[in-house]
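Please read the structure below before turning to the comments.
Values below: every heavy atom of this structure, side chains too, minus hydrogens, waters and symmetry copies.
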Amino acid sequence: MSTPEGCAARQQAIRLNKQPVTPIYCFSYVMKVLHTVKELQAALHQARQEGKHIGLVPTMGALHQGHASLVQRSVAENDVTVVSVFVNPTQFNDPNDLKNYPRTLQADCDLLTTLGADIVFAPSVQEVYPEPDTRAFSYPPIDTVMEGARRPGHFNGVCQIVSKLFMLVEPDCAYFGEKDYQQIAVVRAMTADLHLPVEIRPCPIVREESGLALSSRNTLLTEAERRTAVCISQALKTSVAFAKDHSVQETHDFVVGALNATQGLEVEYFEIVDGDSLQPIQAWSDAESVVGCITVYCGARPVRLIDNIKYKVAP
């Protein structure tokens, strides 16, 4: 049986972005797992009536410590944290990718309980899309390059689901990982376009000790493939020093050459872009913020992995 002191210790650990060694459960804290829009809105009604600050962490589940860092930040900065767990079919242009995407709701809920999330919204496809969503979103040039050029309809699907979640939850803040760098730019454009009063809060990439960026797709890799995938972050990290006395094109070729020469890896694209417009640059002086964004196929399946690195950060 937990005590008020135990509850306070638990909340303090969460506020400091630290997980307790063992989860401490208290009667005042019961995470709700909801599956319908009606349940979600009923649960949030009282919080809105009381003027509570609401944070949203949109996810597709298969949660890892990268997601955990987003949830911890939301719990620390808001009165109520909602985590959505929904594999959104409209952002997949490859049926096999959708079919193979990992789904681990029970494990996700177990993790979210220890992190202090208040509500998990895990709806069915029918609940989210009772009828086809025919809305079209377009924000060139940021959604027409890189992922947008290679995954037709992907960002339209992202905007469909994120806008639905924003309208259902009405969060004050929403948290997204910077691994999906282009996605954050698109979501910001969509939020401004629809005049939604949501602050987008990007959070740093979380990596394994090896340097591999955490991703739900990593669970699809064999142990040998995971060791190979580490070369992606290693090449990006090495290229930062390389870039100091080499051109943009030379840096691009250095990364692509190193990864394509690694058995089990194939670069789909590597773009060095303006961190704001996401347009390719020709010289380091072309932009105050410069980011290298990469997508690499890894392994026999193969598994599509994304990552990025910052070459210049605007003052």
Is the shortest heavy-atom distance from the side chain of [X] to the side chain of [Y] under 4.5 Å?
| X | Y | result |
| --- | --- | --- |
| F270 | C293 | no |
| V240 | T238 | no |
| H53 | N78 | yes |
| I184 | D180 | no |
| V291 | I309 | no |
| V169 | I54 | yes |

Is a donor on one side and an acceptor on the other found under 3.5 Å between the side chain of [X] and the backbone of [Y]?
| X | Y | value |
| --- | --- | --- |
| H35 | S124 | no |
| E266 | V296 | no |
| D286 | A283 | yes |
| R226 | N218 | yes |
| K164 | V128 | yes |
| N93 | G153 | no |
| D143 | G148 | no |
| Q182 | I142 | yes |
| K312 | A287 | yes |
| Y139 | T144 | no |

Over all heavy atoms of both residues, which pair between [X] and [Y] is shortest? Give the atoms and the distance, please.
| X | Y | result |
| --- | --- | --- |
| P58 | S84 | CA-OG, 3.1 Å |
| I119 | M31 | N-CG, 4.4 Å |
| S216 | H67 | OG-CE1, 3.4 Å |
| G61 | V85 | CA-CG1, 3.7 Å |
| A235 | V255 | O-CG2, 4.1 Å |
| R188 | P202 | NH2-CG, 3.3 Å |

Examine the side chains of [X] and [Y] and answer whether a donor and an acceptor come within less than 3.5 Å of each other.
| X | Y | answer |
| --- | --- | --- |
| Q249 | D253 | yes |
| Y175 | S74 | no |
| Q263 | T228 | no |
| T36 | E127 | no |
| R135 | S163 | yes |

Check the pair V198, D172 against side-chain contact (heavy atoms from CB on, under 4.5 Å), reporting the backbone distance first and the verdict last. CA-CA 5 Å; V198 182; D172 297 280; over 6 Å; no
What distance separates [X] [atom1] from [Y] [atom2], expressed to the nearest 0.5 Å?
| X | Y | atom1 | atom2 | result |
| --- | --- | --- | --- | --- |
| D97 | F92 | CG | CZ | 5.5 Å |
| E208 | S215 | CD | OG | 10.0 Å |
| D108 | L63 | CG | CG | 3.5 Å |
| Y269 | H252 | OH | NE2 | 11.5 Å |
| L70 | C203 | CG | SG | 4.5 Å |
| S69 | I205 | OG | CD1 | 10.5 Å |

Looking at [Y] and [X], is any side-chain nitrogen of the basic one under 4.0 Å from a carboxylate oxygen of the acidic one?
| X | Y | result |
| --- | --- | --- |
| R301 | E225 | no |
| D118 | K52 | no |
| D307 | K237 | no |

Stepwise side-chain contact (heavy atoms from CB on, under 4.5 Å) check, I161 with Q91: CA-CA 9 Å; I161 185 58; Q91 68 191 71; 3.7 Å; yes
Carefully, step by step, assess E147 and R304 under the rule salt bridge (charged side-chain N to carboxylate O under 4.0 Å, His left out). CA-CA 12 Å; E147 294 294 287; R304 190 174 188 271; 2.8 Å; yes
When you look at E77 and R201, which way does the salt bridge (charged side-chain N to carboxylate O under 4.0 Å, His left out) test go after all the steps? CA-CA 11 Å; E77 296 177 353; R201 295 191 176 175; 2.6 Å; yes
Assess whether atom CD of E288 is packed by more than 12 heavy atoms of other residues, nucleotides or ligands within 6.0 Å.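 No, the 6.0 Å shell around CD holds no more than 12 heavy atoms from other groups.
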Tell me whether E50 at atom CD has more than 12 heavy atoms from other residues, nucleotides or ligands lying less than 6.0 Å away.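 More than 12 heavy atoms, drawn from other residues, nucleotides or ligands, come within 6.0 Å of this atom.
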What class does the angle between the rings of Y311 and W284 fall in, given that below 30° is parallel, 30 to 60° is tilted and above 60° is perpendicular? tilted
Taking the inter-plane angle between the rings of F242 and H246 on a 0 to 90° scale, is it parallel (under 30°), tilted (30 to 60°) or perpendicular (over 60°)?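 Taking H246 first and then F242, their aromatic rings lie parallel (interplane angle under 30°).
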Determine, step by step, whether V83 and F121 satisfy the side-chain contact (heavy atoms from CB on, under 4.5 Å) criterion, reporting the C-alpha distance in whole Å, the side-chain angles of both residues, the deciding distance to 0.1 Å, and the verdict. CA-CA 6 Å; V83 180; F121 180 49; over 6 Å; no
Pick one: which of L196, N156, I200 meets side-chain contact (heavy atoms from CB on, under 4.5 Å) with M190? L196
For side-chain hydrogen bond (donor to acceptor under 3.5 Å, both in side chains), just list the numbers for Y129 and N88, CA-CA rounded to whole Å, side-chain angles, deciding distance to a tenth of an Å, and then say yes or no. CA-CA 10 Å; Y129 300 110; N88 176 41; 2.6 Å; yes
With side-chain contact (heavy atoms from CB on, under 4.5 Å) as the test, would you mind laying out the steps for L194 and F137 before giving the verdict? CA-CA 10 Å; L194 298 181; F137 298 86; 4.0 Å; yes
